[in-house]
Structures are given as structure tokens and as C-alpha cells.
Amino acid sequence: MTAPLLDVRDLVVRYGSVTAVDGVSFALEAGETLALDGPSGCGKSTTALTVLQLRRPDAGEVRFEGRELTTLTERELRPLRPRMQPVFQDPYGSLNPRHRIRDAVAEPLKVQGRWTDADGPARVAALLDRVGLDPSYGDRRPHELSGGQCQRAGIARALASEPRLLVLDEPVSALDPSVRAGVLNLLADLQDDLGLGYLFICHDRAVVRHFADRVVRMRDGRISPSSPPR
Amino acid sequence: MESEVTQAPPVRHPSLLSVRDLRVSFVGTEAVRRLSFDVRPGEVLALVGESGAGKSLTARALLGMLPRGAAMSGEIRLDGSADLAAARGRRISLVPQDALSALSPVHPVGEQLAAAVRSLHRVSRAEARERAVAALDRVGIPDAARRARAYPHEYSGGMRQRAVIAMAMLGEPDLVVADEPTTALDAERREQVLRVLAEQREAAGAALLLVTHDLDVVRDHADRVLVMYAGRLSELGPVGEVLNRPRAPYTAGLLACLPQDGPRRRRLPTLPGTPPAPGALPPGCAFAPRCPLAADVCRTGEPEPRTVDGRLVACHRADEVPADTVTLFAEGRPA
């Protein structure tokens, strides 16, 4: 049996004397969407940061593609990082306001040594097209895009790293309903085409019911017993 | 016993606030266009629409709080009087979207409420403090006397929002304007804040103009709804009628793209395209380029609001809108 894409076991994260995440376990397969649901302050965003190893846990394991991440050094993590990418709630806040969209999307390629002047621009254009943005938007800066367009640009940037897992932290909460529907459709299409695993943090129950294969409900740092079974 | 046949009097809705031909423009570009509506005493009127539809500007115009550079024309009357200066902050109050920036970060919350009390009533400082604590207590701030001495950053998001509701109610308003009061809150706190707002409003007998983009909130909390698109009225009527059987294609589209309960369905209907920028409106109906029902007439003349099926609708094709709104927009592709 192959290992799940992501396997989190007995995760504990403390901020000083506060235990923000207290023994959380879940697993996620490629091509699957697992929603983390719960009120503000329940620990879902801390869980997401810890999965990404942007915050190291105080106890527990995070296994990604079968590898235990929590014991790796920063140097050992570096080649794995592109494979797990975050998409955040505020599309404007997650892109540098001074960079053109095409530079924001090109940056992961350059940082990871995958950029060549010969094919780089075409790859950026293809990524923008993939998320439903006309490549001419590459010339713009974030404030010249609508919220939905900006969120699509953020998704294009995440895709540039060729990830296996997207950690989506309230990716549609700031969007108008019609725009939200388009971004949810895009995420569904990308998942179908690329087999991405989604850890989907969202407090909108209707969106969760619509979008997620499974739901883990958190409360006070723990998985709530009221999580719908499956 | 003498039977008496009485002619039922025609239902009359005296208007608390009447808005006629409201226009708000920036350097000649109209962001709110010829908007007319009434708010009835004690009712909850929801104002919905996408970002840029002009709903917040409309709310701000009522409060005399338009941003610098905005020009306004048209008529706003409260109980028939166009002199709103004395009413603003008293008979008309605001619950702002972002309580954290609406409150001063360097003064305790209770002190800010007490200052508001003293701006409204000639009372002693001690009396103002007491009223401030009582107001916080009424909106369910636990241990209000102690919390009154705390600063906004020491409050949770939900508590801050309740504190600004308490502040909005101090002047015993007839109309509360709430501009996206729950946008920043999670589902549980959103319900709690809306419940507090409803309780306070009912206790004061005030009307509420609730600006929101959340149609679930509209369904649960409003009596009537005004749907705006590109600065204009799209549809205005009772919530049940408008949301259960929309007559404006735009309203239908907003409803169609909501995730539905029931079987999991991965592709949601979407509205094709994007709303027009103010100043770059298409000829005719502003929604026509995105409308699956658009006909030639829609591309030449902008529709005026007319009464259809118990509500006002600004659409040439209102009679053609089918009951099944999901199918109407089902083939929408990402814009």
C-alpha cells in the first residue's frame, strides 16, 4: 500500500503556554480535498502553517509523500518545499504589490533554477492561461486586478512550483459569490487534471459541503468529535 | 350581531427614509446612478451586490460620509425632511464594517462609548460611564464593567463588532446603517453578531439598512432586499419573492452561483465576464454583456425600474426569466 500524500499524526503546536494544536491527526490522498473547518482561533491556520513546515511542531509527525518532515533540517526541506504550496485568503496581500504579475509567477521558476530566457516567458503565459487569465494580465500589478483575478494569479504562482499539495487557507472567503464560484471551479479543474491534494481551510459550511471530499472539524486545537464521518 | 363589511384599506407603507434619484460621482464618473428607494419604519432592508456595485457608497451617502472628491445629487429625506445634518449620528447611525479601525486603538472601549454618550446627552462623566457599561452589557459583553476599561485590541473580533453596535444604538436611532458588519467574522460569530444587531434593533424599534454580499444573511435577517448592479437598482422587493423567484437575471445569477446543499456538485454556475467599470458602461443595460437573456432591446436602452410580480425590476426581459436559475447560468465558464 502506498503512503498517503500527507499524513499528520498527533500534531502539537504551542505558543508559549497556549496549546494551539493539541493532538491533531489526519491523512490526505492525492486528488482528494480534505477540509479543515472550525471557528476563528480553533487552530486550523496553525495546523496549515505546520503542515507547510513554516512553523515547526512541538510534537507529532508530518509525513509528506512518505517522508517525515519534522526532523528534516531547513536545507533538507528546501527541495521538498516547492511540492507543497500555500494559497492565502487575501489575494492582494500574498503578491508583492510592486511586482508585475508575470514576475510574480516567474519567481518560483527562477528561484528553483528552472527558468531559461528561451522558454520561461512562454511557461508563465501558459500558467496564466491555465488559471483563466489572459496572458496580457502579466503586465499588470496586483492592484490593477480584481480580487478574483488576483487570486487566480496567486494560484498560477503556486502552480509554477509544480506542487503535489496545495494548502488553501480561506482561498475564496474574500471573494464575491460569482467570483468565488469561478475560483472554486478552477480549483476543481486543476485537481482533476493534475491530481493535486488540497488541504482546504474554510469556515463557510456551504462551500465546504460543496467542495470537500472529507471534513475535519476543529475546536480548541483538537479535532471535534462532531466531524462528519467518512 | 351586526355584521359589518369593511373595505380593507390599501396597504400603505409610510416611509421613514426616502431616497430619490441619488447619484454619486467621482470626477464626472457615476458610481451610483439614479437610485430611488424607501426604508420603512422598523424594517430590515438588505442592500446587496458585488464589489463596486455602489452599495457602500449608497450607505455612506445616507450618513453624509462620502469619501473626499465624491459629488452627490438627488434627494434623501428622513420623515419628509431633507435636513439630515442634525439626524446623522443620532436618528441615523452607522455600524461600520471594520470595528478595529472604527475604534481608537489608544483609548479604552468604555471611554469611547462614554464620549459618544456625552456627545448625545448632557450627562455627567460618571453617568456617561455608567451608560457605556450598560450599553456594553446589553450587547452581551461579559463582565462589561471590567471590559469597558480594556482597549479594542484586547477584544475578540466578535466583541469589537458588538461594541460598535452598542455605540450605534446609544442615540436611540430610527435607522441603523450596517455596512458589511460581519464580513471579517467566522460563521459562529457572524450569527452571534447578527443576533445582537437584531435584538438591539427590535428593542429600539429601529429600521436597519444592511449592506451585505451574503445572500444567506439576507434570507435569514432581512424583510426586503435591494439588489444593485453597476450603481443602479436591479431588483427591489420582499426577500421571499426576490430570492425564491428572481425576476432580474442578475439576481438569478447571484443565486445560481451559490454552492447548494445536497449532492456534491463540482462545477458551479458562474456569471460570465466581470462587472463594468464606472465610466465604461456598455450601451443599454449594464448587465447585458453578461446576461444569457440579453436581446437587442437590452443593448440599446437602459431599462427603467417597473413593477413586476410584486417587486421593482429594471430589466427588459423580466418576464422571460425562468424559475430554474441554475440552468440559466449553468454553462458559465471562468471569465
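A note on names: the letters A, B, ... follow the listed sequences, proteins ahead of strands, and every chain is numbered from 1. Please read these numbers as outputs of a predicted model, since none were measured by experiment.
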Gap separating the CG atom of A:Asp204 from the CZ atom of B:Arg190, nearest 0.5 angstrom: 6.5 Å
Nearest-0.5 Å distance that lies between atom CG in A:Asp189 and atom CZ in B:Arg267: 4.5 Å
Heavy-atom pairs under 4.5 Å with chain A, option from B:Cys257, B:Gly157, B:Ser156 with the top count: B:Cys257
Side-chain heavy-atom pair B:Pro259, A:Arg209 within 4.5 angstrom cut-off: no
Close side-chain approach of A:Arg180 and B:Leu268, heavy atoms under 4.5 Å: no
Heavy-atom proximity to chain B below 4.5 Å, by part of A:Ser40: both
[X] atom [atom1], over 12 foreign heavy atoms within 6.0 Å:
| X | atom1 | answer |
| --- | --- | --- |
| A:Arg130 | CZ | yes |
| A:Arg55 | CZ | yes |
| B:Asp220 | CG | yes |

Expected output: side-chain A:Asp176 to main-chain B:Ser51 donor-acceptor under 3.5 Å: yes
Closest contact, heavy atoms only, A:Ser178 versus B:Leu271: CB-CD1, 3.7 Å
